[in-house]
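Order of listing sets the numbers, starting from 1, for every ligand and every atom in it.
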Amino acid sequence: MELRSEHGCFGGRQYFYSHASQSTGTQMNFSVFVPPQAASQKVPALYYLAGLTCTEETFMIKAGAQRLAAELGLLLVSCDTSPRGLDLPGDADSWDFGVGAGFYLNATQPPWSGHYRMADYVNEELPALIEANFPASAERRGIFGHSMGGHGALVTALRNPERWHSLSAFAPIANPVAVPWGQKAFSNYLGNDEGAWAEWDASLLMAKQAFPSEVLVDQGEADAFLERELHPEALEHAAEKSGQSLRLRRHAGYDHGYYFIQSFIEDHLRHHAGILFA
Ligand SMILES: N[C@@H](CCC(=O)N[C@@H](CSC=O)C(=O)NCC(=O)O)C(=O)O
């Protein structure tokens with residue numbers, strides 16, 4: 001791991017690192033906030049997956065999570081949203097596919113399949129790296145995210161409930177098989193077999209099997225992407241089918257951006273802390 005920068009923050013430390021990833025075959029960047037409690041004990045780790053065009057810096061700079069994480073004793077981790085520097089054909093042609101848009105899945109189609117393995121990275125490689133190098137408990141992992149990252153958090157936890165203990169999302173792409181962002185990404189990364197897409201769709205997964213703890217989802221009603229890309233009602237229908245405990249809240253006047261996330265970040269950290277410290 002190469003330390004790129006570190007900063008004092010609310011009595012803890014904010015770190016930015018780079019490392020050679022086995023999952024992606026590229027250098028990957030990630031960020032870690034270590035709370036003061038971690039000086040004397042292992043603490044729960046909460047992983048945040050960011051949305052389209054974001055990086056490992058976006059959440060740490062914009063969400064305003066560190067003050068409460070320092071109070072609660074939560075270690076925060078975020079990572080980049082795709083491999084970078086590969087120069088694959090078409091990987092930089094649009095902001096909703098390729099670089100900055102890895103969709104937290106394992107691609108099966110060339111040329112993406114050799115490197116776009118963000119699911120393995122988030123589910124396995126990054127937690128192993130964090131737990132080997134920071135005072136993070138392997139028994140108490142939470143995951144959340146925003147938009148594409150909300151989709152990523154939901155599918156990561158729903159596919160691997162034995163590895164993740166708490167789950168929430170801000171404005172997730174809740175039913176990617178049914179919307180343009182998801183259809184573009186899945187057809188390119190996974191091919192045209194829509195049966196394969198279902199394995200990476202939060203609503204289809206949740207309808208089959210409930211996650212063990214309550215799932216919190218916040219959605220702004222003034223979100224410009226709501227009707228075309230997000231479809232939170234699909235999660236509600238899925239939760240009804242499987243008996244999932246789902247707290248889906250709609251907020252008038254809030255859009256898709258980080259002012260929305262800042263406004264409800266406290267509720268998400270307390271949601272995760274309530275489960276991870278139980
Ligand atoms: N095209 C624009 C907008 C990209 C954008 O809105 N990205 C969102 C995530 S959208 C779904 O995953 C985001 O989180 N942006 C970062 C922010 O600081 O708001 C562009 O290219 O910027």
Residue-level breakdown please: for Cys54 versus ligand 1, do any non-hydrogen atoms fall below 4.0 Å on the side chain, on the backbone, on both, or on neither? side chain

Side chain, backbone, both or neither: Leu52 near ligand 1, heavy atoms under 4.0 Å: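 Answer for Leu52: both.
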
Over 60° means perpendicular and under 30° means parallel, so tell me whether [X] and [Y] are parallel, tilted or perpendicular.
X: Phe264; Y: Tyr254; value: perpendicular
X: His151; Y: Phe103; value: tilted
X: Phe30; Y: Phe134; value: perpendicular
X: Phe170; Y: Tyr48; value: tilted
X: Trp112; Y: Tyr116; value: perpendicular

Identify, for atom 3 (C) of ligand 1, the protein heavy atom at the shortest distance, and state residue, atom and that distance. Trp95 CZ3, 4.1 Å

What's the shortest distance from atom 18 (O) of ligand 1 to any protein heavy atom, and which residue and atom give it? Lys62 NZ, 2.4 Å

Within the 4.0 Å heavy-atom shell around [X], which atoms of ligand 1 are there?
X: His146; answer: 14 (O)
X: Met148; answer: 11 (C), 12 (O)
X: His256; answer: 10 (S), 11 (C)

Do any N/O atoms on Tyr258 end up under 3.5 angstrom from N/O atoms on ligand 1? no

Purely on distance, is any nitrogen or oxygen of Phe225 under 3.5 Å from one on ligand 1? no

His151 near ligand 1, heavy-atom distance under 4.0 Å?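 Heavy atoms of His151 never come under 4.0 Å of ligand 1.
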
Minimum distance, heavy atoms only, to atom 10 (S) of ligand 1: which one of Gly257, Pro172, Ser147 is it?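 Minimum heavy-atom distance to atom 10 (S) of ligand 1 goes to Ser147.
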
Which is closest to atom 22 (O) of ligand 1 by heavy-atom distance: Asp96, Thr58, Asp223, Thr53? Thr53

Report the distance from atom OG of Ser147 to atom CG of Asp223, rounding to the nearest 0.5 Å. 7.5 Å

Please check this pair: side chain of Glu125 against backbone of Ser23, looking for a donor-acceptor N/O pair closer than 3.5 Å.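 It does hold such a pair.
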
Ring of Trp181, cation from Arg228 - is the NZ or CZ under 6.0 Å from the centre and inside 45° of the axis? no

